[in-house]
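Report on the following structure.
Side chains are part of it too, since the values below use all heavy atoms of this structure and drop only hydrogens, waters and symmetry mates.
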Amino acid sequence: MARLTTPDGKQQTYGDGVKVQVPLQEWRDMLAAAKGKCIKVEVWGKKQNDEWLSFNPFEIRVAPEPIDDYVSYRLIEPSYVAWTFMEIAQRNLTSFEETQIFNNEITMNDREKGQCINCHSYQNYKTDNMLFHVRLSNSGTVIVNDGKVSRVNLKRDYTISSGVYPSWHPTEKLIAFSTDITRQGFHTLNPNKLEVYDEASDLILYDVKTDSVQVVSNDSTLLEVYPTWSPDGKYLYYCKSVPLPEEMRDKDIRTTYPKIQYNLYRRAFDVKTHGFGEEELVFDAASINKSVTLPRISPDGHYILFAIGQYGCFHIRHNDGDIACMPLDQGLPLTQAIDLSKVNYEGRPDSYPSWSSNGHWMMVASRREDGNFCRVYFSYFHDGKAEKAFLMPQEDPELNTFLLKSYNRPEFMVEPVKISVEEFSKVFDK
């Protein structure tokens, strides 16, 4: 049982002896009454011998700034060894409604080969300009341009692959991608279980209007990945590997991957000419024996989030994977970190960081519950301080206990995707 008390002294008790579920409208009313203040929570229950057991009371602080109304994510089995049904879904955070954006069964024409869908991305948190990838069966990149859907092949004869990790320019019909030759390794004894690494990776710029691809960076001796734009569109941030020691450079990457580390860089961008400036070092992670991935700039341009671990580019499978945040107004390269001890979970992977559209909320994907299944966590951020991360609420408190799917690449949205699964599927008939 649980008793909730709002700042005005109103109390309500909930619980059926097994679960505590607060009716949605009553919860909304409590949040409105406690905005910028706290809700007091008292929890108690009966032990097997019918004795009452009470827990220490605690408070839920209600932030004055709202979170975005929607998030989207891919739902997938946690192993990646094999899959059948896969979907990209969107969740309404003002309720518990979850709907499909797309699934891999409706257009899969080769069951033996299968179909993978991934890397959903939006321009400025809105959905009239968005994309996601379809791999293997019926492959291509599905792009929504001003609400119109098309499927394109981003592979060119001068690129190593089609587009992989995307980032929409905030104002122009331009998308930065990495192009990657990606491999996976599955461990039997290593506690990290799975390693995802690139044999090669470059950066490209795709012009949606002209269907043209421009090479941004393609150093054949190093790896460039995870591009992301600054909110004003004047810089492209990305991660780039540092050279391996001389004695390791000609060896198989399956033996050298624990030594591959990435630093954070950026290049200035001229929106008129589509030209890029010289490379600038933003954060020298390798100098502290770390590797940085998945950078995201806050909407006000003052902070940068990224995932960090000892090595590699896929920290969601590394138990030392954490989220880091640094202020961008201290000059380059960055050296001063903000305390995220209330966001990270020691000994379990945290990755896929992102900002809400108002910059007051962080979202991360984490395997902190059991090391296997990825769940979505939120943290309130204000004046350079991050509050304790909490699990994305569900209508049924046992849902995350029994859901045998991982939440992959969660993204904030200020509105839902309006195109139906059936409408998306039509581009595969062309």
Side-chain angles (χ1 to χ4, degrees), residues 63 65-75 88-93 101 118-127 129-132 165-170 175-178 225-231 235-239 264 292-309 313-316 321-328 338 340 342-345 349-368 374-382 384 386-387 389-392 406-417:
E65 295 88 359
I67 199 168
D68 289 333
D69 285 352
Y70 288 85
V71 295
S72 58
Y73 36 75
R74 181 172 67 157
L75 291 171
I88 300 174
Q90 57 188 359
R91 162 71 186 274
N92 186 340
L93 293 180
I101 296 174
N118 54 26
C119 292
H120 48 288
S121 179
Y122 312 94
Q123 185 182 46
N124 274 343
Y125 302 92
K126 297 181 179 179
T127 59
N129 294 304
M130 60 167 290
L131 68 86
F132 61 86
Y165 302 111
S167 179
W168 281 85
H169 190 275
I175 311 169
F177 289 94
S178 64
V225 70
Y226 296 128
T228 192
W229 295 99
S230 60
Y235 287 95
L236 181 68
Y237 289 75
Y238 57 95
C239 303
L264 182 60
V292 59
T293 62
L294 293 163
R296 291 291 184 92
I297 318 298
S298 62
D300 61 9
H302 293 329
Y303 300 95
I304 183 168
L305 279 175
F306 49 82
I308 191 167
C313 66
F314 204 74
H315 297 134
I316 193 60
D322 279 330
I323 307 301
C325 181
M326 291 188 172
L328 278 171
I338 288 173
L340 292 189
K342 293 182 179 180
V343 177
N344 293 308
Y345 190 90
D350 297 298
S351 190
Y352 294 114
S354 60
W355 297 97
S356 64
S357 62
N358 62 11
H360 283 295
W361 294 89
M362 296 176 178
M363 177 167 58
V364 302
S366 177
R367 298 187 193 276
R368 67 187 63 188
C374 216
R375 302 296 186 232
V376 177
Y377 283 79
F378 302 116
S379 170
Y380 176 64
F381 185 82
H382 184 70
E387 299 297 339
F390 60 90
L391 185 65
M392 182 173 70
S406 279
Y407 293 81
N408 183 254
R409 194 185 172 95
E411 296 283 347
F412 278 115
M413 309 142 69
V414 295
E415 61 187 12
V417 174

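- Remark: His169 engages Trp229, Phe269 in a ring-ring contact (aromatic ring centres under 6.0 Å, His included) (not counting sequence neighbours).
- In this view, Asp322 satisfies the salt bridge (Lys or Arg N to Asp or Glu O under 4.0 Å) rule with no residue, not counting sequence neighbours.
- Ser379 meets the side chain to side chain contact (heavy atoms under 4.5 Å, CB included) test with Val343, Met362, Ala386, Ala389; sequence neighbours excluded.
- With sequence neighbours excluded, the residues forming a side chain to side chain contact (heavy atoms under 4.5 Å, CB included) with Ala89 are Tyr73, Leu75, Glu87, Glu98, listed by chain and number.
- Listed by chain and residue number, nothing satisfies the salt bridge (Lys or Arg N to Asp or Glu O under 4.0 Å) test with Arg375 (two or more places apart in sequence, or in another chain).
- For the ring-ring contact (aromatic ring centres under 6.0 Å, His included) test, no residue two or more places apart in sequence or in another chain qualifies with His302.
- Residues satisfying the ring-ring contact (aromatic ring centres under 6.0 Å, His included) test with Phe381, not counting sequence neighbours, are Tyr303, Trp355.
- His315 meets the ring-ring contact (aromatic ring centres under 6.0 Å, His included) test with His318; sequence neighbours excluded.
- A search for salt bridge (Lys or Arg N to Asp or Glu O under 4.0 Å) contacts involving Arg91 returns nothing, not counting sequence neighbours.
- Legend: residues meeting salt bridge (Lys or Arg N to Asp or Glu O under 4.0 Å) with Glu65, ordered by chain and number and at least two apart, are absent.
- For Asp69, the side chain to side chain contact (heavy atoms under 4.5 Å, CB included) partners at least two apart in sequence or on another chain are Thr94.
- Scored by the side chain to side chain contact (heavy atoms under 4.5 Å, CB included) test, Tyr345 finds Arg348, Asp350, Arg368 as partners (sequence neighbours excluded).
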